[in-house]
Every structure is written in structure tokens, then in C-alpha cells.
Novice: 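Take this structure first; my questions come after.
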Amino acid sequence: MRARHLASALLLTATAASAQDDAIPRFEKLDSMQARVQGCTTCHGPEGQGTASDYFPRIAGKPAGYLYNQLIAFRDGTRRYTPMNYLLAYLPDAYLKEMAEHYARLRPAFAPREPSRADAAMLARGKAIVTAGDPSKQLPACIACHGAGLTGMEPGVPGLVGLRPSYVVAQLTRWRVGERRAAEPDCMHRIASRLTESEIAAVAAHIAQQAPPRDPSPEASNLVRMPMACGTQAAVR
């Protein structure tokens, strides 16, 4: 009887050890991009497509310059989110640049759009700001910088298509109150500070309902088209 118990215990131990080994990622090379971005995949998905959480956005396909600047900002603490600050704290510039270029090349499928809870008036206001702006408030159209398909603009303007409304609201609010900053002239702080809370919600609701274009790549740089000077386009390292 004791022998059977001992054999069972050894079998359970071996099975647990095998399961634990299977849970540890295996890489062909430890010094590989697959290994480097392992810490990113839990929140942003295996190809940077985002996850079911409202607060972990799609990063795939965004301009490499934008992604690099955000990684630098998280590492240096000028953009605050504790898990990201901790994860990137000791990574060198060259390492982060390669990670940014990796995600910028990816084009995974977009998640299905979720039904909007916004009413028709809110969606109409959001569409107006996104596509035409509001001259009475000196608000430029979002598409003037973020692209006609909201896919962003090289080298430093991110795509917005595929983002959930809660994430867009959170980021615009951070820009509005000065918690999130960019290189001067900080155009997003100026724009967001002119938006009311209801307008932020309307913009987010409209963006979340937009279908991604066939080619979700960022548009080429077009400083002439941009309605104001923006430090994010000049500060790409």
C-alpha cells in the first residue's frame, strides 16, 4: 500500500513538473525578438493586436517613431503606468527601437467592433469633430493628423482605428488635464484642453465604430496638411 502511495506521489510530482515546464516559453534563441517581446504579449496580444481589456490597446502597425517615443517615455517615467515603467526601466535605446520597429511591421486582424451605447446625437457630434473639427473652438479635425482612415501618420502620429472607447476617453482626459505630455509644442494637450468631457466621449464613441481600411498602414508624413505645429512629429529620435 505504501509503495502504491509513493508511486502515485512520484507520478503527480513528475506530472506537475512537466506541466510547469510546458508553461515556460521556449525560444529558438534567447536573444531574439520573440523572447524580447514576451513581456508585451500578455497585455497587448501575441501580435500587438490588443486584448479584451479596455485599457491595453492595439500597438501593431503604429508608426515605429511613435512606439519608440512611448517606450522611451515609459522607461524614463515621463509617461506613467507602473507596470510599463517597471518592465522597461533598464532597457537601452537600441533595444527599444528594435521592439518598436517590430510592432510597426505587424498587421494582425482587427477585433470585431462592439455595438455602441452612444445615442445618435453623441455619435453625430463625435463624427463632426473627427472629420471636420470645430472652428468656433479652434478644434482641428482628428483626421488632419491621424489620417483619413485614422491609421496615423509617419513618423510620430498614432493610429486610432481599432481602439476601444474607454481607452480613447482615458487618454484624451490625461492629455486634457496635463497628466500625459509630449514634446513641445504639445498639440494634443492644446486640442484636448478645448474638448468638454461630453465631446471626449463623443469622439471616442465615433472612433470606436470606424471600420479599419483595407490597408491599415500609417500615412506618409505630411507636415503641410497638419493644422498646427506638433512636437510629436519633430521629436522622433
Side-chain angles (χ1 to χ4, degrees), residues 37 40 43-45 47-50 55-74 79 84 96-111 113 126-127 129-133 139-172 174-175 180-183 185-192 195 200 203-237:
V37 302
C40 310
C43 297
H44 294 286
E47 292 191 289
Q49 73 272 29
Y55 298 103
F56 298 129
R58 179 185 180 92
I59 56 176
K62 286 182 166 54
Y66 169 79
L67 293 174
Y68 178 63
N69 279 347
Q70 299 314 301
L71 290 171
I72 292 290
F74 279 123
R79 184 173 175 185
M84 287 290 291
L96 297 180
K97 190 169 187 178
E98 290 179 3
M99 291 170 65
E101 290 169 348
H102 165 74
Y103 278 111
R105 289 191 293 266
L106 299 180
R107 299 290 185 275
F110 285 76
R113 284 169 289 161
K127 180 179 180 180
I129 294 173
V130 170
T131 61
L139 280 172
C142 301
I143 62 172
C145 298
H146 292 277
L150 298 174
T151 58
M153 181 192 294
E154 298 285 359
V157 179
L160 304 177
V161 67
L163 297 179
R164 289 184 170 86
S166 296
Y167 181 79
V168 177
V169 167
Q171 297 311 306
L172 284 174
R174 289 187 174 100
W175 285 113
R180 185 172 175 183
R181 305 286 298 185
D186 190 346
C187 55
M188 277 306 304
H189 173 64
R190 284 185 287 162
I191 291 168
L195 292 168
I200 285 175
V203 166
H206 174 74
I207 289 173
Q209 290 303 298
Q210 303 315 295
R214 181 171 298 177
D215 180 4
S217 300
E219 295 184 4
S221 178
N222 189 341
L223 298 180
V224 174
R225 193 188 73 192
M226 295 181 70
M228 61 177 67
C230 198
T232 57
Q233 290 293 72
V236 173
R237 302 187 188 186

Novice: Test your reading of the model: is there a side-chain donor-acceptor pair from Arg58 to the backbone of Gly50, 3.5 Å cut-off?
Specialist: no
Novice: Considering residues at least two apart in sequence or located in another chain, which fulfil the side chain to side chain contact (heavy atoms under 4.5 Å, CB included) criterion with His146?
Specialist: Leu150, Val157, Pro158, Leu160, Met188
Novice: Shorter than 2.5 angstrom, is that how the SG atoms of Cys145 and Cys230 come out?
Specialist: no
Novice: Is the backbone N or O of Ser217 less than 3.5 Å from a side-chain atom of Thr151, with the two atoms forming a donor-acceptor pair by type?
Specialist: yes
Novice: Measure the spacing between CD of Glu47 and CG of Leu106 and express it to the nearest 0.5 Å.
Specialist: 6.0 Å
Novice: Is Pro140 close to Met226 at the side-chain level, that is, under 4.5 Å between some pair of heavy atoms?
Specialist: no
Novice: When rounded to the nearest 0.5 angstrom, what is the spacing between CE in Met99 and SG in Cys40?
Specialist: 4.0 Å
Novice: CD/Gln70 to OG1/Thr232 distance, rounded to the nearest 0.5 angstrom?
Specialist: 9.0 Å
Novice: How would you list, by chain and number, every residue that makes a side-chain hydrogen bond (donor to acceptor under 3.5 Å, both in side chains) with Gln210, sequence neighbours excluded?
Specialist: His206
Novice: Is there a donor-acceptor pair closer than 3.5 Å between any side-chain N or O of Gln233 and the backbone N or O of Gly156?
Specialist: yes
Novice: Does His44 reach the main-chain N or O of Gln49 with its side chain, forming a donor-acceptor pair under 3.5 Å?
Specialist: no
Novice: I'd like to know if the side chain of Glu219 and the backbone of Ala148 have a donor-acceptor N/O pair within less than 3.5 Å.
Specialist: yes
Novice: Identify the heavy atoms of Pro218 and Met153 that sit nearest to each other, and give their distance.
Specialist: CB-N, 4.2 Å
Novice: Which atoms form the tightest heavy-atom contact between Leu67 and Ile59, and what is the distance?
Specialist: CD1-O, 3.7 Å
Novice: Once side chain to side chain contact (heavy atoms under 4.5 Å, CB included) is applied, do any residues pair with Arg164, and if so which ones, sequence neighbours excluded?
Specialist: Asp54, Glu114
Novice: Grab the two heavy atoms, one from Gly159 and one from Pro63, that are nearest each other, plus how far apart they are.
Specialist: N-CD, 4.5 Å
Novice: So, do His102 and Glu98 sit near enough that their side-chain heavy atoms are less than 4.5 Å apart?
Specialist: no
Novice: So which atom in Ala100 and which in Ala64 form the shortest heavy-atom distance, rounded to 0.1 Å?
Specialist: CB-O, 3.5 Å
Novice: Restricting to non-hydrogen atoms, name the atom on Leu139 and the atom on Ile191 that form the minimum distance, rounded to 0.1 Å.
Specialist: CD2-O, 3.6 Å
Novice: Judged by atom type as modelled, is there a donor-acceptor pair below 3.5 Å linking the side chain of Arg79 to the main-chain atoms of Asn69?
Specialist: no
Novice: Work out which heavy atom in Trp175 is nearest to a heavy atom in His189; give both atom names and the distance.
Specialist: O-ND1, 2.7 Å
